[in-house]
Student: 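Below are the structure tokens for one structure; questions will follow.
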Number of protein chains: 2
Amino acid sequence: MPLIKTNYIFITKIIIINFTIMKRKVTLKQIAKELDVSISTVSKSLRNSLEIGEDTRLKVQAFAKFYNYKPNNIALSLKNRKTKTIGIIIPEIVHHFFSTVINGIEQVANENGYSVIICLSDDSFDKEVLNMEMLANGSIDGFIMSLSKETQFKGDFHHITEVIDQGMPVVMFDRVTNEILCDKVIIDDKLSAYEAVQSLIDKGRKKIALVTTVDYVSVGKLRTDGYIKALLDNNIPFDENLIIKIEDVDTCEIIIGKLLEDKAIDAVFAVNELFAVICIKTANKIGLNVPKDLAVIAFTDGIISKYSTPTITTVSQSGIKMGNKAAKMLIERLESEHEDEEEENYKTEVIETHLIERESTS
Amino acid sequence: MPLIKTNYIFITKIIIINFTIMKRKVTLKQIAKELDVSISTVSKSLRNSLEIGEDTRLKVQAFAKFYNYKPNNIALSLKNRKTKTIGIIIPEIVHHFFSTVINGIEQVANENGYSVIICLSDDSFDKEVLNMEMLANGSIDGFIMSLSKETQFKGDFHHITEVIDQGMPVVMFDRVTNEILCDKVIIDDKLSAYEAVQSLIDKGRKKIALVTTVDYVSVGKLRTDGYIKALLDNNIPFDENLIIKIEDVDTCEIIIGKLLEDKAIDAVFAVNELFAVICIKTANKIGLNVPKDLAVIAFTDGIISKYSTPTITTVSQSGIKMGNKAAKMLIERLESEHEDEEEENYKTEVIETHLIERESTS
DNA sequence: TTGGTTTACGAAAACGTGATAGTGTTGAAA
DNA sequence: TTTCAACACTATCACGTTTTCGTAAACCAA
């Protein structure tokens, strides 16, 4: 039985080596040297190539298994010219929506053997550019990103154009721009806002205020549009004074307080749950009862809405779904790119939203 | 003026090339070919080597700049045997504390030219092992991780020992284990819990309940210990019935409700803010006023505590600081490892906590 | 024996980079 | 004129893989 004999020799050998090269990562070269065969033979054996005789193949496999050989990812990336890694660029991570999207991306990425590498722009244009350049130099196969506020404000997207021109696919989500042609995953911000406001009107609210962001934040603008449209469609006079645009969260309480001095206001539509909860707290302070005197509805369903008192009715945009979709689109493009070069049929996927009714409206 | 002449020729040349090789990433080889010099010359020119004549050097630099040449990260990683990438393994990302830590890690990493690659274990042992194996094959230089619940439950840390044995540094934070020797960043869970409970006692609370996690979650256990010690030190009889261990968040409301039936309970110490806010809501439901009838204090300062009604007094553990520290420790080890091999002086850093007093106690 | 086909393996290239070690030309000192 | 150094550049290797191509040896048929 030659096989057993081989194994025996092989095992004694291992023990000796074990003391010399310790537990450090083994390479094909080391295995080849130890077993006195060529690197090619080792490589082929491990991929079960029929070119290699059974004896050698099994010997190599046993040896590799013992040493827990795993191909070096970096070497593979270099050779294959793909890293199986997705780069994610988002404004911030301590943020329920964004972390949910990451979660969604990671799920799909993992299922398909991809890793995710995350960079934060901190809503800064420069950091966004820097991070993208860093990742674009071979570290990743494609981007999934949401624009920083500053980038949206400046309207400068050259860094994105650049990576796309280099043949690196980009999928944008949530905060997107029309100026870049690429795959996108969004919600219908305008329609969702419209429906939210409509629901307030349906509940008999007459004077609805809007607490939104500054206009250059794309989603803020769109939600504002939806709000206005809902009013007009219901023949409600649209009043500029009922719209406040928050630039700085830290000081918004005062502005909101001023807004609520108008006691005729019986509802507030806020473009995010932070604004909403601040509205509620401010309202409480000046003696208003939510929802009796003031109904509040927020965009983006997060942790705050669920645990605030009263709980807040929200427009839920599933970050998980957006992340899933974005990852799917990116991976699909990455894997298909080999067949047909640059068939630029970019898609924009719209993820459905729905209203989660809670205590703050009723 | 030969320089200008050179530049002229060079520019016209570029335009032609521009049409042929498009905007794709340029390599040293391509530049070398176009300028009819060797790869070494190009490489050296770009690193401003004095070996290369000024003419050639400037020419190459101009060409490279025009084409926006950037060295390929993967090639560099392979060559230098380091990736300048940190692997982060955490249980979940849609979680205020963990995302804060990531933020902290990313800050320091970025400052030092490192990227972060994030994997989620979803509190599953298998996913944790899989992710670590994936990253350990060359993708990263070191790990920063917090153990999954299941890993803590099983007490199986072989995957971590393995990467450490391979010479890959690991820094653990928050959910750590004594069974692994490595750098760690923690807070003094026991002491912090002790102080929180003491503060309740100082405010005259007599019967303090504890809402905690199951024991195998290391931090939950430690915080429980602190709670008990504070009681005993104040000669308050310790009552098993006042401690409830939550396994499943979804059903905890009922258990908490049952606990609060004991009207003598005048304070609750919860090991996280989610438990705390649920306590408050449950208390309100059964007619208790927080903080008058029931004081509530929570571990971990997050978004909920800040915006809940009433706002919640918390023990703040700065995720940012923990992340900063963890990243610093890892990078320090990575950069020093070359000098002295394997000088295993592992440290455990304790990050300070402090009590943030809000409305839920007073 | 010859010619051809398997079998079983090895050599070498390629991915992109940077470092080490050459190499040929020029100029100057001896 | 020889020698040696400075200059300006090139060749080669290594990092760890996979893959293509090549080639001995063995086998088989004619």
Side-chain angles (χ1 to χ4, degrees), chain A residues 2 6 21 24-61 64 67-85 136-141 166-167 338, chain B residues 2 6 21 24-61 64 67-85 136-141 166-167 338:
Chain A
T6 316
I21 64 171
R24 295 262 164 186
K25 274 273 158 212
V26 201
T27 65
L28 288 184
K29 195 195 270 190
Q30 287 166 21
I31 297 180
K33 195 176 171 191
E34 284 309 322
L35 294 182
D36 213 45
V37 291
S38 76
I39 297 178
S40 344
T41 304
V42 177
S43 175
K44 283 173 186 164
S45 298
L46 295 178
R47 338 207 100 247
N48 258 318
S49 161
L50 294 175
E51 279 185 69
I52 307 299
E54 204 186 5
D55 266 14
T56 321
R57 219 169 58 220
L58 293 178
K59 189 174 64 177
V60 171
Q61 284 175 2
Y67 271 102
N68 194 25
Y69 168 80
K70 295 275 167 55
N72 181 299
N73 280 334
I74 298 294
L76 285 179
S77 295
L78 182 60
K79 180 141 202 7
N80 302 332
R81 257 109 123 257
K82 56 182 172 187
T83 60
K84 284 277 189 176
T85 303
N137 298 324
S139 302
I140 60 162
D141 295 341
Q166 280 169 15
H338 303 284
Chain B
T6 316
I21 65 171
R24 294 264 165 183
K25 272 274 159 214
V26 201
T27 65
L28 289 184
K29 195 195 272 191
Q30 288 166 23
I31 297 181
K33 196 176 172 191
E34 284 309 323
L35 294 182
D36 214 42
V37 291
S38 77
I39 296 179
S40 333
T41 305
V42 177
S43 175
K44 283 177 182 157
S45 298
L46 295 178
R47 337 205 103 245
N48 259 317
S49 163
L50 295 174
E51 281 184 68
I52 307 298
E54 204 186 4
D55 267 15
T56 322
R57 219 169 60 219
L58 293 177
K59 188 174 66 178
V60 170
Q61 285 175 1
Y67 271 102
N68 192 24
Y69 169 80
K70 295 276 166 56
N72 181 299
N73 280 334
I74 297 294
L76 285 180
S77 296
L78 184 59
K79 184 159 192 358
N80 302 331
R81 254 104 127 262
K82 58 182 170 188
T83 59
K84 284 275 187 177
T85 303
N137 299 324
S139 302
I140 60 164
D141 296 340
Q166 281 169 13
H338 304 285

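Proteins come first, then strands; the chains are lettered A, B, ... in the order of their sequence lines, and each starts at number 1. Given the structure is predicted, the values throughout are model-derived calculations rather than measurements.
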Student: Give the rounded distance in Å between these two atoms: CZ of A:Arg81 and C1' of C:dA14.
Tutor: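 It works out to 9 Å between those atoms.
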Student: Can you tell me how far the CD1 atom of B:Ile140 sits from the CD1 atom of A:Ile74, to the nearest 0.5 Å?
Tutor: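 Result: 10.5 Å between the selected atoms.
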Student: Is the backbone N or O of A:Lys82 less than 3.5 Å from a side-chain atom of A:Asn80, with the two atoms forming a donor-acceptor pair by type?
Tutor: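 Such a contact is absent between A:Asn80 side chain and A:Lys82 backbone.
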Student: What is the separation between atom NZ on B:Lys29 and atom C1' on C:dA14, rounded to the nearest whole Å?
Tutor: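 Distance, rounded to whole Å: 7 Å.
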Student: Quick check against the 3.5 Å criterion: does A:Ser43 have a side-chain atom that pairs as donor or acceptor with the backbone of A:Ile39?
Tutor: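 Flag not set: sc A:Ser43 to bb A:Ile39 has no pair under 3.5 Å.
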Student: Is any side-chain heavy atom of B:Asn72 less than 4.5 Å from a side-chain heavy atom of B:Thr27?
Tutor: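 No - every pair of side-chain heavy atoms lies 4.5 Å or more apart.
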Student: List for me each residue that meets salt bridge (charged side-chain N to carboxylate O under 4.0 Å, His left out) alongside A:Lys79, sequence neighbours excluded, and say none if there are none.
Tutor: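 Partners of A:Lys79 under the salt bridge (charged side-chain N to carboxylate O under 4.0 Å, His left out) test: none.
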Student: Hey, which of A:Asn73, A:Thr85, A:Thr83 is the one that makes side chain to side chain donor-acceptor pair (under 3.5 Å) with B:Ser139?
Tutor: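 Result for side chain to side chain donor-acceptor pair (under 3.5 Å) with B:Ser139: A:Asn73.
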Student: So, using side chain to side chain contact (heavy atoms under 4.5 Å, CB included) as the criterion, who are the partners of B:Ser40 when residues are at least two apart?
Tutor: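 Result, side chain to side chain contact (heavy atoms under 4.5 Å, CB included) vs B:Ser40: B:Ser38.
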Student: What is the 5' to 3' range of DNA chain D, first to last nucleotide, that sits under 4.0 Å from any heavy atom of chain B?
Tutor: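 Range of nucleotides touched by chain B: D:dA8 to D:dG16.
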Student: Over the length of the helix from C:dT1-D:dA30 to C:dA30-D:dT1, how much do the five-pair end axes diverge, rounded to 10 degrees?
Tutor: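 One end's axis against the other's: 80°.
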Student: Taking any heavy-atom pair under 4.0 Å as a contact, classify A:Ser43: base, sugar-phosphate, or nothing.
Tutor: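 The residue A:Ser43 makes base contact.
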Student: B:Leu46 CG to C:dT17 C1': how many Å, rounded?
Tutor: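 After rounding, the gap between these two atoms is 11 Å.
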Student: In whole angstrom, what separates B:Ile74's CD1 from C:dA14's C1'?
Tutor: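 After rounding, the gap between these two atoms is 16 Å.
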Student: At under 4.0 Å between heavy atoms, how does the protein contact nucleotides 4-10 of chain C? Give one character per nucleotide, 5' to 3', with B, S or -.
Tutor: ----BBB
Student: Could you go through the side chain to side chain contact (heavy atoms under 4.5 Å, CB included) check for A:Tyr67 and A:Ile31 one step at a time?
Tutor: CA-CA 9 Å; A:Tyr67 271 102; A:Ile31 297 180; 5.8 Å; no
Student: Can you confirm whether B:Asn137 sits close enough to A:Lys25 that some side-chain heavy atom of one is under 4.5 Å from a side-chain heavy atom of the other?
Tutor: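 Heavy-atom side-chain distance check passes, below 4.5 Å.
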Student: Starting at CD of B:Gln30 and ending at P of C:dA14, how long is that distance when rounded to a whole Å?
Tutor: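 To the nearest whole Å, that distance equals 14 Å.
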Student: Atom NZ of B:Lys82 to atom P of C:dG18: distance rounded to whole Å?
Tutor: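 Atom-to-atom, B:Lys82 to C:dG18, this comes out as 13 Å.
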Student: Does NZ in A:Lys70 sit with more than 12 non-hydrogen atoms of other residues, nucleotides or ligands closer than 6.0 Å?
Tutor: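 Yes, enclosed.
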Student: Who pairs with A:Lys84 by salt bridge (charged side-chain N to carboxylate O under 4.0 Å, His left out), at least two apart in sequence or on another chain?
Tutor: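 Listed in chain order: A:Glu335.
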Student: Nearest whole Å is fine: how far is C:dA12 P from A:Lys79 NZ?
Tutor: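 Interatomic distance, NZ of A:Lys79 to P of C:dA12: 17 Å.
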Student: Mind checking A:Leu28 for me? I need base, sugar-phosphate or nothing, with any heavy atom below 4.0 Å counting as a touch.
Tutor: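 Here A:Leu28 touches the bases of the nucleic acid.
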